[in-house]
Number of protein chains: 4
Amino acid sequence: MNNNHNKKDKILEAAIQVFAQHGYERGTVSEIANAAGIAKGSFYHYFSSKEEIIYDLFDLFFEQFIMNWEQIIDKNISPVRKIKLLIDQTFEDLIQMQKEKDLTKMILIFEIMFLLFRKSLKDKSENNIEQLFLRYYDILVPLFKEGQEKGIFRSDIDPEYAAYLIFGMIDGFSLHFIIQKDNYDIKESKKYLIDLILNGLVNK
Amino acid sequence: MNNNHNKKDKILEAAIQVFAQHGYERGTVSEIANAAGIAKGSFYHYFSSKEEIIYDLFDLFFEQFIMNWEQIIDKNISPVRKIKLLIDQTFEDLIQMQKEKDLTKMILIFEIMFLLFRKSLKDKSENNIEQLFLRYYDILVPLFKEGQEKGIFRSDIDPEYAAYLIFGMIDGFSLHFIIQKDNYDIKESKKYLIDLILNGLVNK
Amino acid sequence: MNNNHNKKDKILEAAIQVFAQHGYERGTVSEIANAAGIAKGSFYHYFSSKEEIIYDLFDLFFEQFIMNWEQIIDKNISPVRKIKLLIDQTFEDLIQMQKEKDLTKMILIFEIMFLLFRKSLKDKSENNIEQLFLRYYDILVPLFKEGQEKGIFRSDIDPEYAAYLIFGMIDGFSLHFIIQKDNYDIKESKKYLIDLILNGLVNK
Amino acid sequence: MNNNHNKKDKILEAAIQVFAQHGYERGTVSEIANAAGIAKGSFYHYFSSKEEIIYDLFDLFFEQFIMNWEQIIDKNISPVRKIKLLIDQTFEDLIQMQKEKDLTKMILIFEIMFLLFRKSLKDKSENNIEQLFLRYYDILVPLFKEGQEKGIFRSDIDPEYAAYLIFGMIDGFSLHFIIQKDNYDIKESKKYLIDLILNGLVNK
DNA sequence: GATGAATGAGGCTTCATTCAT
DNA sequence: CATGAATGAAGCCTCATTCAT
């Protein structure tokens with residue numbers, strides 16, 4: 001049973017390698033099985049189809065990310081400090097992925113996101129992305145409200161929109177960070193991102 | 001030749017429809033030819049391969065976007081006003097795409113971006129995405145410098161990083177806007193994005 | 001051993017269900033094992049291969065049918081009465097199968113027949129079908145001869161051919177009966193079949 | 001276009017050979033393509049799937065058979081003579097198939113019949129077999145009625161049942177004839193079948 | 001005996017691309 | 001230029017069978 005779990009993880013690991021390198025469509029079950037050290041047919045003992053694997057990958061990736069955020073939010077620190085930590089954590093995750101492998105893995109994460117999103121549009125099936133985002137908003141909305149109540153954050157911004165924008169800007173910028181990772185310094189990028197989100201461009 | 005050009009455009013148009021619906025890998029040359037009203041074989045009179053088409057699509061999409069930004073930058077208005085207009089324009093483009101077709105087309109744009117990016121990593125070939133981003137920075141760096149010189153923008157931010165971050169946040173947020181487009185109001189989203197980028201979250 | 005036997009019967013029972021529904025080729029060992037409540041691997045403790053099972057099924061089906069006929073033939077009644085009873089019995093068997101399950105089981109019987117017949121042609125191996133038919137003829141030839149000797153049946157028909165034809169018409173008609181079972185009444189069908197075989201179409 | 005038709009026929013011809021030898025499930029598209037002298041992929045220019053081919057085969061086989069019957073029925077001859085000719089024709093068809101190839105082809109015909117029948121049961125889709133049988137009844141019912149009106153055939157048999165039984169016995173016996181073809185003489189078989197259907201077993 | 005994970009051959013199908021007409 | 005039949009490599013998946021536990 002434990003072994004069983006290990007094997008499934010091994011396949012997922014292999015799938016990440018393969019999909020990261022070639023993309024989901026171009027990555028083949030054969031190659032995954034090969035990378036996982038199993039026979040092609042054995043793949044189907046653990047996943048009912050090639051497609052199914054992306055759902056597991058989705059969970060694998062994002063569950064970790066969001067858990068990291070959720071842990072931060074429970075801490076007893078100021079809202080501003082929390083935002084700093086959330087962004088810190090985001091960069092930590094990015095850097096972590098960089099170490100393990102190359103950029104392609106990060107791209108895979110976005111590819112999976114689009115894959116699932118397109119699928120949900122087509123089948124009008126459950127939209128995993130939207131569900132995921134909601135969990136992020138559930139973190140950010142209370143955080144922003146708390147900041148407003150304490151007079152730290154501006155009160156002229158709707159908390160729902162604030163959460164939507166903050167998460168959008170952080171997550172969205174991550175994408176550019178990945179693409180540009182060799183051209184800009186990580187620490188500087190992070191420092192400026194925090195600063196901009198908190199204080200904006202304009203001179204006061 | 002004019003006819004020739006028209007036909008090529010027709011194929012590109014068809015390719016957008018097809019790829020938007022099924023994604024690049026799943027969209028077939030047959031289907032594109034069909035949608036373009038030509039024979040499958042004729043496709044290869046205009047494009048040497050299926051892959052080639054994505055380069056044309058890349059240009060088709062982004063050339064328009066960046067041209068719109070470049071026009072704004074030449075105007076004789078204040079830097080803050082320019083940033084507002086740039087964001088305005090971005091949302092205008094998003095809305096425009098929404099009208100023409102559905103979200104899938106926007107996703108296609110991101111898909112193409114990743115496709116080319118992964119390709120450049122693999123082949124160590126020319127990175128079209130990086131090239132594109134540079135053009136955006138060429139717009140934003142002078143803009144920010146101008147604002148700093150006039151004392152409008154904060155002087156404690158490196159202009160290169162400012163450009164990188166501003167573009168990252170705007171473009172990155174667009175992605176979230178697309179995914180969430182039914183849940184948030186366009187005008188509000190735009191207003192808050194401008195406000196946040198200029199003034200940040202913190203109460204002054 | 002008794003237990004052993006029970007398990008084997010259970011598997012055969014399960015195989016009938018599975019093959020009846022999907023046909024022999026499409027029915028899988030997995031599904032059979034599942035339906036029999038055993039593990040896939042256990043199947044091979046009782047049958048050396050998937051193919052072997054059809055020999056057992058063949059016996060299972062036809063042994064019953066022919067035994068029923070053989071019992072009739074030993075009775076001390078007139079040849080005409082015997083023919084009536086044979087046809088009665090045939091319909092009884094058909095009805096019985098109908099009750100147990102649906103038509104698909106009857107089709108399975110024919111499928112097995114063809115499977116074995118084709119196999120015997122290919123391998124020039126023992127032709128189980130021919131062997132089976134011979135047993136039927138062994139019943140019918142003496143029966144018809146007896147009728148001829150008693151002056152009941154026409155003497156201008158070769159007994160070998162008579163047996164061949166009678167069995168062919170009864171068994172062959174069964175097939176049409178199965179296919180048409182919803183469109184014609186069982187009792188009427190049986191009554192007319194007996195009548196036609198005995199008296200023919202022509203007005204005397 | 002003519003060429004097109006030839007090619008499709010060639011594939012059908014090849015499919016018959018292959019399916020006759022191995023059965024439908026065991027016969028592969030590869031082998032068919034091979035036998036037809038085309039590439040595997042080309043098969044799918046003419047048939048959208050392996051399954052589709054059996055519908056064409058069904059038509060190919062039975063259309064010929066029933067047309068032969070329909071031609072007989074239009075002749076201006078006595079009902080008894082017509083029945084003789086119908087049975088003659090049936091044997092002619094059987095013999096014809098025997099000549100072209102071996103028995104396996106005839107078995108294929110029955111296999112297709114069962115395939116389609118099982119399919120219709122499963123999907124509750126159109127029952128091609130039932131449709132086909134109706135066409136046979138449309139021939140036999142009027143024929144039998146005509147015989148009754150002329151006082152040739154017995155009037156105590158319902159024409160619907162007569163048609164059902166006559167066709168069932170003729171067609172059903174064919175199956176036994178195929179299986180037994182080496183053990184019994186064709187002419188004798190045919191002669192006795194006609195005689196039995198017309199006059200029955202009983203001595204008058 | 002019982003299990004079910006593992007295997008790998010092989011099947012059906014797709015599709016980018018070519019080429020003769 | 002236009003066509004679409006032809007190709008064949010390659011992909012996903014199935015499944016009978018084996019074997020270590």
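Predicted model, so just to flag it, every value in this text is computed and none were measured.
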**Q.** Bracket string, DNA chain E, 5' to 3' - pairs by Watson-Crick or G-U geometry under 3.5 Å, | interstrand
**A.** .||||||||||||||||||||
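- Thr28(A) comes within 4.0 angstrom of sugar-phosphate atoms only, judged by non-hydrogen atoms across all strands, and of no base.
- One can place OH of Tyr24(D) at 8 Å from P of dC12(E), the figure rounded to the nearest angstrom.
- Evaluation of atom-type donor-acceptor distances gives no pair under 3.5 Å for the side chain of Lys40(D) against the base of dG11(E).
- Here the C1' atom of nucleotide dA16(F) and the NE2 atom of His22(C) are 17 Å apart, to the nearest Å.
- Judged as a side chain to side chain contact (heavy atoms under 4.5 Å, CB included), and not counting sequence neighbours, the contacts of Tyr55(D) are Glu51(D), Leu116(D), Lys119(D), Asn128(D).
- Every residue meeting the side chain to side chain contact (heavy atoms under 4.5 Å, CB included) condition with Leu115(D), not counting sequence neighbours, appears here in chain and number order: Tyr24(D), Ile54(D).
- Contact annotation: the side chain of Met113(D) approaches that of Ile129(D) to within less than 4.5 Å [non-hydrogen atoms, C-beta and beyond].
- The side-chain heavy atoms of Asp56(C) and Lys8(C), taken from C-beta on, include a pair separated by under 4.5 Å.
- Spacing between atom NZ of Lys7(D) and atom C1' of dA6(F) amounts to 7 Å, rounded to whole angstrom units.
- Contact check for Lys105(D) versus Phe61(D): side-chain heavy atoms found under the 4.5 Å cut-off.
- DNA chain F is contacted by both Gly41(D) and Gly27(C); Gly41(D) maps to the nucleotide lying nearer its 5′ end (nearest heavy atom per residue).
- Taking only distance into account, the side chain of His45(C) meets the base of dA2(E) through a donor-acceptor pair shorter than 3.5 Å.
- The nearest whole Å value for the distance from the CG atom in Asn34(A) to the P atom in dG8(E) is 11 Å.
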(Q) Could you walk me through whether Phe19(C) and Ile112(C) satisfy the side chain to side chain contact (heavy atoms under 4.5 Å, CB included) test, starting with their C-alpha distance in whole Å, then the side-chain angles of each, then the deciding distance to 0.1 Å, before giving a yes or no? (A) CA-CA 10 Å; Phe19(C) 289 155; Ile112(C) 287 174; 5.9 Å; no
Q: Kindly determine whether Phe110(C) and Phe110(D) satisfy ring-ring contact (aromatic ring centres under 6.0 Å, His included), including the steps that lead there.
A: CA-CA 9 Å; Phe110(C) 281 94; Phe110(D) 280 94; 8.7 Å; no
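- Between Val29(B) and Phe43(A), the residue anchored closer to the 5' end of DNA chain E is Phe43(A), taking for each the nucleotide with the nearest heavy atom.
- Computed from coordinates, the Tyr46(D) OH to dA5(F) P distance equals 7 Å when rounded to whole Å.
- Contact annotation for Gly37(C): no contact, since no heavy-atom pair falls under 4.0 Å across all strands.
- Scored by the side chain to side chain contact (heavy atoms under 4.5 Å, CB included) test, His22(A) finds Val18(A), Arg26(A), Glu31(A), Lys122(B) as partners (sequence neighbours excluded).
- Residue Tyr44(B) places its side chain closer to dT18(E) than to any other of dT14(E), dT18(E), dA16(F).
- One can place NZ of Lys8(B) at 12 Å from P of dC1(F), the figure rounded to the nearest angstrom.
- For Ser48(C), the side chain to side chain donor-acceptor pair (under 3.5 Å) partners are Glu52(C), not counting sequence neighbours.
- Taking atom CD1 of residue Ile38(A) and atom P of nucleotide dT7(E), one finds them 7 Å apart after rounding to whole Å.
- Considering CD1 of Ile179(B) and CG of Asn127(A), their distance stands at 8.0 Å, rounded to 0.5 Å.
- Contacts between residues 47-61 of chain D and DNA chain E, counted as heavy-atom distances below 4.0 Å, involve Ser49(D), Lys50(D).
- Regarding contacts with the backbone of dT3(F), a side-chain N or O of Ser42(B) is found under 4.0 angstrom from either OP1 or OP2.
- The nearest whole Å value for the distance from the CZ atom in Phe19(B) to the C1' atom in dC15(E) is 13 Å.
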